[in-house]
Amino acid sequence: MYAYLLHGLVVKVAERFYGDWAQTLPGVTVVALLGVGFAALLCTEPVRRVTRWAVEPRMSWAFTRLRKPGRPRQRCSSATAR
C-alpha cells in the first residue's frame, strides 16, 4: 500500500525532468529498474514509520459517540408520549 500511495511524487518529479529521455529503449529499461528499486524503498520500515500518518491515519475521532459517555439517552415510550 505504501509504494502505491507514495510513488506519485517520484513519478511527477521524473516526468518533469526526464520525460523525453524516458521514451527511448534505454530510458524505459532504466525507468523499470528504478521503479522496482523505489517500490522496495517505499516499503521499508523507516519510510513506513515516517509516512504512517498519511497512509494509515488514526480514525478513532470519526467513531466517537456524540453524547457524553455514561449518560444514557432516554427514549420515549408510547405511554409517556401521550
Side-chain angles (χ1 to χ4, degrees):
M1 183 61 90
Y2 283 83
Y4 175 73
L5 293 175
L6 298 175
H7 80 281
L9 177 65
V10 176
V11 169
K12 288 300 177 185
V13 169
E15 280 180 354
R16 175 75 173 125
F17 293 107
Y18 304 108
D20 295 333
W21 178 78
Q23 307 265 335
T24 64
L25 183 60
V28 170
T29 305
V30 170
V31 167
L33 293 173
L34 287 175
V36 171
F38 278 121
L41 177 72
L42 292 174
C43 291
T44 60
E45 184 59 34
V47 173
R48 289 177 23 205
R49 192 177 322 119
V50 170
T51 58
R52 184 168 287 140
W53 64 272
V55 177
E56 298 179 52
R58 295 182 186 204
M59 296 298 292
S60 60
W61 61 269
F63 300 107
T64 60
R65 301 174 103 181
L66 294 178
R67 62 182 193 272
K68 292 182 181 178
R71 294 181 65 192
R73 185 181 279 178
Q74 294 182 350
R75 296 181 186 248
C76 293
S77 66
S78 60
T80 59
R82 294 181 195 166

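Fair warning: this is a prediction, and the values are worked out from it, not measured in the lab.
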* Structure fact -> With sequence neighbours left out, the residues meeting side-chain hydrogen bond (donor to acceptor under 3.5 Å, both in side chains) with Arg52 are none
* Asked: Going by the side-chain hydrogen bond (donor to acceptor under 3.5 Å, both in side chains) test, which pairs reach into residues 34-45, not counting sequence neighbours?
  -> Glu45-Arg48
Taking only distance into account, with no hydrogens and no angle test, what donor-acceptor pairs under 3.5 Å do side-chain atoms of residues 24-32 form with protein atoms, sequence neighbours excluded?
residue, atom, partner, partner atom, Å
Thr24, OG1, Trp21, O, 3.0
Thr24, OG1, Gly27, N, 3.2
Thr29, OG1, Leu25, O, 3.0

* **Sequence neighbours excluded, every pair satisfying side-chain hydrogen bond (donor to acceptor under 3.5 Å, both in side chains) that has a member inside residues 30-41** => none
* Determine the minimum heavy-atom distance between Cys43 and Ala3, stating which atoms define it. => SG-CB, 3.8 Å
* To do: May I ask you to list the residues sharing a hydrophobic cluster with Leu42, side-chain cutoff 4.5 Å, ordered by chain and number?
  => Met1, Tyr2, Tyr4, Leu5, Leu6, Val47, Val55
